[in-house]
Amino acid sequence: MAGVTGGCSTEFSARECKVDGDCGSNMVCASAGQDGNKTGASSACVLPEQAPLTIGISAVGNGPAQDLGIGMRDGIKLAFDYQNDHGAVRGRKLILKFEDDGYDPATAEQKARELLDVQTVAETPRCQSTTKNPQTAALYPEGTNPVSTTRLDRGSNAVLAIIGNVGTPTMARFAPIALETQTLFFGAFTGAKLLLRDETAGPACKKFIFNVRASYAQEARATLEYFVRHHNIKDYKHLISFDQFDSYGQAGFQGLIDAYGALQAIPSEGLTPLPNAEALFRSRYQRDSVNSAKDEATKVINYIKGVVDADSNDHTFGILMTDTYPVGEAFIKAIRDSVLGSAPYDKRAAIVFSNVSFVGPNSLAKRLSALGPKYTKNVLVSQVVPNYAEDQVSLVQTYNDLTKGDPTKRNFTSFEGYIAGRVFIAGLLQHKGAFTSESLINTFEGLSAGEEIGLGTSSGFSPSDHNYSKSVWGTLINDDGSFRNAYFWREGTAITIYI
């Protein structure tokens, strides 16, 4: 019997695609190098379970500020887990890959290289933020070395995007690597202008940055309007900046200076002219150092006493705190025990403490309430998310529903992570083509009006604006450590005060 020759080829040729619709109802379009597509084709049809979407996060998971990173991670994971249980992204599971950077800039840079499987190329860098030069000197306030003097590329094991990076000094070392490798840098937990909201990265790289939260400059403006309108603080001598001695603290201080200049330029506000930035009293503590915070509190105490002793009037001081919860607790306690615990200052000096959102609101409130009611008095946090305990927008209701099994896990940091996750997922669900950082840019630029997640305030991205929310929800800490609404502020509108 003659041999039978095979009529079918044993070689498999993957179907190439541009969008999921090219693949029929049971497959999805995966880009080259993505899990599931090892065919060599630029994009190919694969089973959705073979093409999960892995997203990276670098944040603090240990040490004095660990609640910030853990909360952000848990909030994002809450959003991802819910989506995975409800169809994922057209069948693709979302995987969150967490790396602990300890709130240390050098470690954050190392984690960036690991998450993005960085490959060095002997060519000129793409981004002006990658190398140290006069245009980007502000990115390296501590004189650290440049990120790279050669181009950096993503490796085959790189995550699709970075979400929820925590902290300004850590971001300043992580973000340049993400941008240099052309990786989407989304929803960072920092309101700094540095790199994320300026031109430091350069036009070819800035497009990969998407901010979800309001900026520190907007928080400072909201805080100052509250000080001016509610507490009648209109003299810069009654304003104090307590801030961390790095790029994070600088962002808060500069925001306060800029806000004062903007309000002082409006004659009806009646603010005393600020001669220069140095005229506003500033106290700077060393990152993660409670002892440093106590030392700085002594300087602030002496300053306040000097102002009060100069006349016989009553005085109200507003302190903008660009801090984290351990040092915030130590600072407030020292001020309360000294200035407000002795005559005549207990009668003639009122002090309002307002912390920016990065402080770790719930951790601060828990610590202060444990000390006693006098330590929570007139302590605020300028939140960049609604108050999950009082506000009734649909996003709050959804968050509370998902955490009803363990209400102790509800906190403002987790809620911010959840919102960042929800906005990110909204973009993924709208996206039609293969998933790459480059291709996702146009899709995210089409997310608008906050309709995708139910935030309850005007928000969205556009091709000319990669800042989703410009709203600030001011909250006061109650004696029991809970929060009540104090004001609402949105860029371009008058502040609304509730108390």
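Everything quoted here is computed from the prediction, not taken from an experiment.
Cation-pi geometry between Arg282 and Phe253 is satisfied (NZ or CZ under 6.0 Å from the ring centre, within 45° of the ring normal). Within the cation-pi definition used here (under 6.0 Å to the ring centroid, within 45° of the axis), Arg367 does not qualify as a partner of Tyr325. Cation-pi geometry between Arg73 and Phe98 is met: the NZ or CZ atom falls under 6.0 Å from the ring centre, inside 45° of the normal.
A donor-acceptor contact closer than 3.5 angstrom links the side chains of Asp67 and Ser363. In this structure, a donor-acceptor pair under 3.5 Å is absent between the side chains of Ser247 and Thr168.
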Go through Leu239 and Leu320 one step at a time and tell me if the side chain to side chain contact (heavy atoms under 4.5 Å, CB included) criterion holds. CA-CA 8 Å; Leu239 290 173; Leu320 177 68; over 6 Å; no
Apply side-chain hydrogen bond (donor to acceptor under 3.5 Å, both in side chains) to residues Glu445 and His466 and explain how you reach the verdict. CA-CA 7 Å; Glu445 288 178 343; His466 284 198; 2.8 Å; yes
Quick one, Asn378 with Ile351, criterion side chain to side chain contact (heavy atoms under 4.5 Å, CB included). Give me CA distance, side-chain angles, the key distance, then yes/no. CA-CA 7 Å; Asn378 281 338; Ile351 303 175; over 6 Å; no
Between Arg348 and Asp311, is the side chain to side chain contact (heavy atoms under 4.5 Å, CB included) condition met? List the steps. CA-CA 10 Å; Arg348 294 181 50 217; Asp311 57 40; 3.6 Å; yes
List the steps and the verdict of side chain to side chain contact (heavy atoms under 4.5 Å, CB included) for Tyr399 and Ser414. CA-CA 10 Å; Tyr399 175 74; Ser414 166; 3.1 Å; yes
Evaluate side-chain hydrogen bond (donor to acceptor under 3.5 Å, both in side chains) for Ser292 paired with Gln286, printing each intermediate quantity in order. CA-CA 6 Å; Ser292 175; Gln286 297 297 324; 5.4 Å; no
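Between the Asp198 side chain and the Leu195 main chain, a donor and an acceptor come within less than 3.5 Å of each other. At distances below 3.5 Å, not a single donor-acceptor pair connects side-chain atoms of Arg336 with backbone N or O atoms of Gly341. Checking side-chain atoms of Ser459 against main-chain N and O of Thr457 turns up a donor-acceptor pair under 3.5 Å. Side-chain atoms of Asn478 never come within 3.5 Å of backbone atoms of Asp480 as a donor-acceptor pair (strictly under, hydrogens ignored). In this structure, the side chain of Asn291 does not engage the main chain of Lys294 through any donor-acceptor pair within 3.5 Å.
Summarising the geometry, atom CG belonging to Asn387 is positioned 10.0 Å from atom CD belonging to Gln392; distances are rounded to the nearest 0.5 Å. Taking CD1 of Ile162 as the reference point, atom CD1 of Ile55 lies at 8.5 Å (rounded to 0.5 Å). Residue Glu99 holds its CD atom at 5.0 Å from CG of Leu115, rounded to the nearest 0.5 Å. A distance of 11.0 Å separates OG in Ser462 from CG in Leu447, rounded to the nearest 0.5 Å. Expressed to the nearest 0.5 Å, how far CG of Leu184 lies from CZ of Phe424 amounts to 6.0 Å. One distance of note links CD of Gln430 with CD1 of Ile425; it measures 13.0 Å at 0.5 Å rounding.
Taking 4.0 Å as the cut-off between side-chain N and carboxylate O, Glu390 and Arg484 do not count as a salt-bridged pair. Asp81 and Lys77 are joined by a salt bridge, as a carboxylate oxygen and a charged side-chain nitrogen come within less than 4.0 angstrom of each other. Salt bridge status for Lys111 with Asp101: absent, with no side-chain N to carboxylate O gap under 4.0 Å. The pair Lys470-Glu491 does not meet the salt-bridge criterion, since no charged nitrogen lies less than 4.0 angstrom from a carboxylate oxygen.
Scanning both residues, Phe189 and Ser357, for their nearest heavy atoms gives CZ-O, 4.4 Å. Contact record, Arg213 with Arg197: O-NH2, 3.3 Å, taken as the closest heavy-atom pair.
Annotation for Lys305: atom NZ counts as buried by contact number, over 12 foreign heavy atoms lying within 6.0 Å. Residue Lys409 places its NZ atom among 12 or fewer non-hydrogen atoms of other residues, nucleotides or ligands, all under 6.0 Å distant.
Using bins of under 30°, 30° to 60° and over 60° for the plane-to-plane angle, the ring pair Phe281/Tyr303 lands in the parallel bin. Between His231 and Phe227, the ring-plane angle classifies as perpendicular under the 30° and 60° cut-offs.
Residues Thr223 and Trp489 form no side-chain contact, since every pair of their non-hydrogen atoms from C-beta on lies 4.5 Å or further apart.
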